[in-house]
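Residue indices begin at 1 and follow the sequence shown. In each ligand, atom 1 is the first atom listed, and ligand 1 is the first ligand listed.
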Amino acid sequence: MTSFSAKRIVFTGGSGKAGRHAIPELITRGYDVLNVDMVDFPDPSANVFTLKTDLTDSGQVFNALTSHFNFGGYEGPNVPGPPDAVVHFAAYARNMLVPDNECFKGNVTSTYNVIEAACKLGVRKIIIASSETTYEVCFGQGDLDYSAFPLDEDADVNPMDTYAISKLCGERVARGFARRFDADIYALRIGNVVEPHEYERDFPKYINDPKLRKRNAWSYIDARDLGQICDLCIQKDGLGFQVFNATNDTITATFPTRQFLEQWCPNTPITREMSEWEAPLSNRKIREVLGFKENHNWRKYYNPE
Ligand SMILES: NC(=O)c1ccc[n+]([C@@H]2O[C@H](COP(=O)([O-])OP(=O)(O)OC[C@H]3O[C@@H](n4cnc5c(N)ncnc54)[C@H](O)[C@@H]3O)[C@@H](O)[C@H]2O)c1
């Protein structure tokens with residue numbers, strides 16, 4: 001149902017792996033959400049309205065951002081205006097789905113279109129999905145090492161693969177538009193997204209074969225906790241352009257972080273004190289700046305002992 005007082009959030013790419021859990025989390029937290037995607041929301045019982053939109057077409061984006069959220073919108077007194085916030089998750093979510101040039105074109109164009117339309121329509125809060133892959137190793141050629149641990153947001157990053165470069169370009173667009181429109185645009189460097197059913201299936205492999213998770217820096221984000229992070233970003237005003245790692249608190253290993261990293265990445269320096277089980281792709285900034293408190297630590301769903 002449409003509530004005429006709740007904050008209105010346009011969420012792009014909500015039919016995907018992350019959005020299908022993040023949107024219900026936002027609805028539980030009291031928001032009205034319109035899903036803007038090319039395909040329907042996968043769970044019909046969740047009552048999420050999808051406006052079929054190709055975000056690489058700027059005209060469609062401007063229209064989608066000034067759309068009713070569902071047919072209930074016609075019952076209210078007003079024609080729709082822009083939303084209170086935009087969460088932009090739509091993308092080719094990795095390399096090798098389409099040829100590299102299409103990945104670059106699709107991701108950079110849709111991110112540009114969403115940020116431009118939102119800013120020009122007066123939206124003051126935009127959250128975009130960036131990626132762990134910007135830290136170079138995930139889709140880097142060969143067995144690369146990270147430059148240092150923990151991976152913090154202020155590191156200089158220079159990824160070589162197209163998907164990560166497209167995400168870094170998105171961050172750059174965000175930074176420029178935040179400056180030009182004095183808007184808050186927060187880029188989430190999202191870790192490997194884990195859905196509820198994946199803990200039991202995948203974590204035994206991750207724990208038994210640590211090499212498997214090097215490209216994800218032995219870190220992850222629960223898709224529902226990612227919804228919480230979006231909520232916290234919507235609530236936190238006035239930070240301008242920001243990059244936030246979006247990961248859960250702890251390393252996906254059964255040894256404490258320092259001991260584990262010294263064994264598996266002996267040549268990589270550890271540049272600050274890390275808490276005993278801190279995720280190498282550290283979420284310290286979202287904990288300290290946004291007040292993130294994870295609800296879904298992996299050990300709740302898989303006990304390796
Ligand atoms: N899955 C991960 O582990 C991970 C990790 C880091 C970052 N990310 C980023 O998080 C976001 C969400 O990832 P995901 O795993 O849910 O991806 P996904 O591929 O499951 O979902 C992406 C959604 O975007 C939609 N989409 C793609 N192009 C579109 C377009 N032109 N117009 C409208 N909709 C379009 C797709 O239909 C799909 O529903 C992406 O931006 C991805 O790059 C994901």
For [X], state whether at least one heavy atom is located under 4.0 Å from any atom of ligand 1.
X: Gly14; answer: no
X: Ala223; answer: no
X: Lys167; answer: yes

Proximal atoms of ligand 1 relative to [X] (non-hydrogen, under 4.0 Å):
X: Leu55; value: 30 (C), 31 (N), 32 (N), 33 (C)
X: Ser130; value: 7 (C)
X: Gly13; value: 23 (C), 24 (O)
X: Ser15; value: 39 (O)
X: Asn192; value: 3 (O)

Query raised in the report: Does the pair Asp84/Arg124 count as a salt bridge with the N-to-O cut at 4.0 Å?
Result: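 So Asp84 does not pair with Arg124 through a salt bridge.
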Query raised in the report: When you check the gap from the basic side-chain N to the acidic O, do Lys236 and Asp184 get nearer than 4.0 Å?
Result: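 Judged by the 4.0 Å cut-off on N to carboxylate O distance, Lys236 and Asp184 do not form a salt bridge.
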Write out the residue and atom name of the closest protein heavy atom to [atom], then the distance separating them to 0.1 Å.
atom: atom 16 (O) of ligand 1; result: Ala18 N, 2.8 Å
atom: atom 26 (N) of ligand 1; result: Ala90 CB, 3.8 Å
atom: atom 8 (N) of ligand 1; result: Tyr163 OH, 3.7 Å
atom: atom 38 (C) of ligand 1; result: Asp37 OD2, 3.6 Å
atom: atom 40 (C) of ligand 1; result: Phe89 O, 3.0 Å
atom: atom 33 (C) of ligand 1; result: Thr53 O, 3.1 Å

Could you tell me whether the side chains of [X] and [Y] share a donor-acceptor contact shorter than 3.5 Å?
X: Tyr31; Y: Asp231; value: yes
X: Arg272; Y: Ser282; value: yes
X: Tyr220; Y: Asp202; value: no

Query raised in the report: Taking everything shown except Lys17 itself, do over 12 heavy atoms lie less than 6.0 Å from its NZ?
Result: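 Check passes, neighbour count above 12.
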Query raised in the report: Should the heavy atoms of other residues, nucleotides or ligands under 6.0 Å from CZ of Arg299 be counted, would the total exceed 12?
Result: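 Counting neighbours around CZ of Arg299, more than 12 heavy atoms of other residues, nucleotides or ligands fall under 6.0 Å, so yes.
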I'd like the name of whichever of [options] reaches closest to [atom] through any heavy atom.
atom: atom 5 (C) of ligand 1; options: Cys103, Gly191, Ser131, Ala164; answer: Gly191
atom: atom 22 (C) of ligand 1; options: Ser110, Ala93, Ala91; answer: Ala91
atom: atom 29 (C) of ligand 1; options: Lys17, Met38, Arg94; answer: Met38

Mind checking whether [X] has an N or O less than 3.5 Å away from an N or O of ligand 1?
X: Asp54; result: yes
X: Val36; result: no
X: Tyr92; result: no
X: Val193; result: yes

Requested in this report: Establish, for the pair Lys285 and Phe244, whether the NZ or CZ atom is under 6.0 angstrom from the six-membered ring centre and no further than 45 degrees off its axis.
Outcome: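 Yes, cation above the ring, under 6.0 Å and within 45°.
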Report task. Carefully, step by step, assess Lys300 and Glu294 under the rule salt bridge (Lys or Arg N to Asp or Glu O under 4.0 Å). Result -> CA-CA 11 Å; Lys300 260 169 94 167; Glu294 67 171 12; over 6 Å; no
Query raised in the report: Are Phe49 and Phe69 close enough that their ring centres sit under 6.0 Å apart?
Result: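 Between Phe49 and Phe69, the centre distance exceeds or equals 6.0 Å.
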Requested in this report: State yes or no: are the ring centers of Phe241 and Phe177 separated by less than 6.0 Å?
Outcome: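 No, the ring of Phe241 stays outside the 6.0 Å limit from the ring of Phe177, centre to centre.
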Query - Given Lys205, Arg213, Lys211, the one that forms salt bridge (Lys or Arg N to Asp or Glu O under 4.0 Å) with Asp209 - result: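 Among Lys205, Arg213, Lys211, the one that satisfies the salt bridge (Lys or Arg N to Asp or Glu O under 4.0 Å) with Asp209 is Lys211.
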Query raised in the report: Counting distance only, does the side-chain N/O of Arg284 pair as donor-acceptor with the main-chain N or O of Asp152 below 3.5 Å?
Result: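 Flag not set: sc Arg284 to bb Asp152 has no pair under 3.5 Å.
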